[in-house]
Participant: 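To start, I am sharing the structure in question, which I have written as structure tokens.
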Amino acid sequence: MKIFSNPGEMKHELSHCKDREIGFVPTMGALHKGHISLIKKSIAENDITVVSIFVNATQFNDPEDFKKYPNNLDNDINILEPLNVNYLFAPEHNLLYNDNYLYRIIETTFSKELCGAQREGHFEGVLTVVMKLLNIVNPRRAYFGEKDFQQYKLIKGMVEAFHMNVEIIPSPTIRENDGLALSSRNLLLSGEDRKKAAKFPELLMSGQSDKEVNSQLEEEGFKVNYIKTLNGRRFGAVTLGKVRLIDNVKK
Ligand code: PAF
């Protein structure tokens with residue numbers, strides 16, 4: 001696996017692969033089985049797979065949340081090596097944000113709902129960094145987990161709006177045995193909160209109304225950010241201790 005941190009050098013290297021199909025899996029690291037399933041899908045469907053690891057400061061509305069986000073590049077490299085990933089792109093902040101974040105991608109409607117209503121500027125940061133990464137890697141296909149369903153929809157919408165030449169491929173949420181959706185943030189839960197966290201998907205999947213789910217979660221000690229059914233899917237965001245968890249299920 002070749003590792004690049006300079007966007008210009010990464011772009012130059014991949015420009016030699018024009019006759020081969022590139023699959024791309026963008027991540028913020030702390031790789032888990034959810035990422036691994038996206039990576040395996042990319043490897044199966046493309047000639048070359050590029051994984052990026054970049055904890056993107058512009059999508060964190062809370063600097064404390066950014067500081068405590070799990071970050072262990074050496075461990076992630078050990079996970080990627082045996083999977084036969086061709087390239088790891090782990091850009092330096094200043095080189096990726098060469099414009100100092102003067103230029104941004106903004107979606108004006110869906111990005112203001114659900115997580116966007118709670119986390120100001122979050123999707124602006126996500127869309128901007130994904131646009132930068134797609135322009136550097138220039139993949140044929142890019143893979144996103146459905147746990148972040150709103151993110152997936154917004155990225156798909158951006159690619160269509162800007163007539164970009166990449167297919168955005170969703171992949172189903174991978175869950176622990178007790179139903180908790182895999183997330184890098186799960187690592188931050190205390191032992192007791194980790195046990196309690198399984199109630200969140202259990203209630204989201206239940207036949208109860210959004211309002212009932214909301215109040216049951218509160219009774220269990222969760223701080224509820226939102227529980228909302230939209231277009232046949234129930235979305236939820238909760239905080240347990242200081243850890244924010246999101247999930248969604250088809251209704
Ligand atoms: O889902 C994530 O890990 C991030 O939001 C992404 C898509 C890599 C952009 O920073």
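We count ligands from 1, going down the list as the structure has it; atoms in each ligand are counted the same way.
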Participant: Closer than 4.0 angstrom, basic N to acidic O: yes or no for R234 and D210?
Facilitator: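 Salt bridge between R234 and D210, a charged N being under 4.0 Å from a carboxylate O: yes.
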Participant: May I ask you to decide if the ring planes of Y87 and F4 are parallel, tilted or perpendicular, using 30° and 60° as cut-offs?
Facilitator: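 Y87 and F4: tilted rings.
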Participant: Might you confirm whether atom NE2 of H12 has over 12 heavy atoms from other residues, nucleotides or ligands at distances under 6.0 Å?
Facilitator: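 Atom NE2 in H12 is not crowded, with 12 or fewer foreign heavy atoms closer than 6.0 Å.
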Participant: For ligand 1, which part of I155 has a heavy atom less than 4.0 Å away: the side chain, the backbone, both, or neither?
Facilitator: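 The answer is neither.
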Participant: Show which atoms of ligand 1 fall inside a sub-4.0 Å distance from at least one heavy-atom site of V129.
Facilitator: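 Going through ligand 1 atom by atom, the ones under 4.0 Å from V129 are 9 (C), 10 (O).
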Participant: Using distance alone, determine whether N56 and ligand 1 share an N or O pair under 3.5 Å.
Facilitator: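 Not met; the criterion fails.
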Participant: Using a strict cut-off of 4.0 Å, indicate which atoms of ligand 1 neighbour a heavy atom of Q151.
Facilitator: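 Reading through ligand 1 atom by atom, the close ones are 1 (O), 2 (C), 4 (C), 5 (O), 7 (C).
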Participant: Could you tell me whether some N/O pair between Q59 and ligand 1 is separated by less than 3.5 angstrom?
Facilitator: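 Yes; the residue has a nitrogen or oxygen that sits under 3.5 Å from a nitrogen or oxygen of the ligand.
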Participant: Using the six-membered ring of Y69, assess whether NZ or CZ of R185 lies under 6.0 Å from its centre and within 45 degrees of the ring axis.
Facilitator: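 No; the conditions do not both hold, so R185 does not lie above the ring face of Y69.
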Participant: Would you say Y143 and R141 make side-chain contact, with heavy atoms under 4.5 Å?
Facilitator: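 A side-chain contact exists here, since the closest heavy-atom pair is under 4.5 Å.
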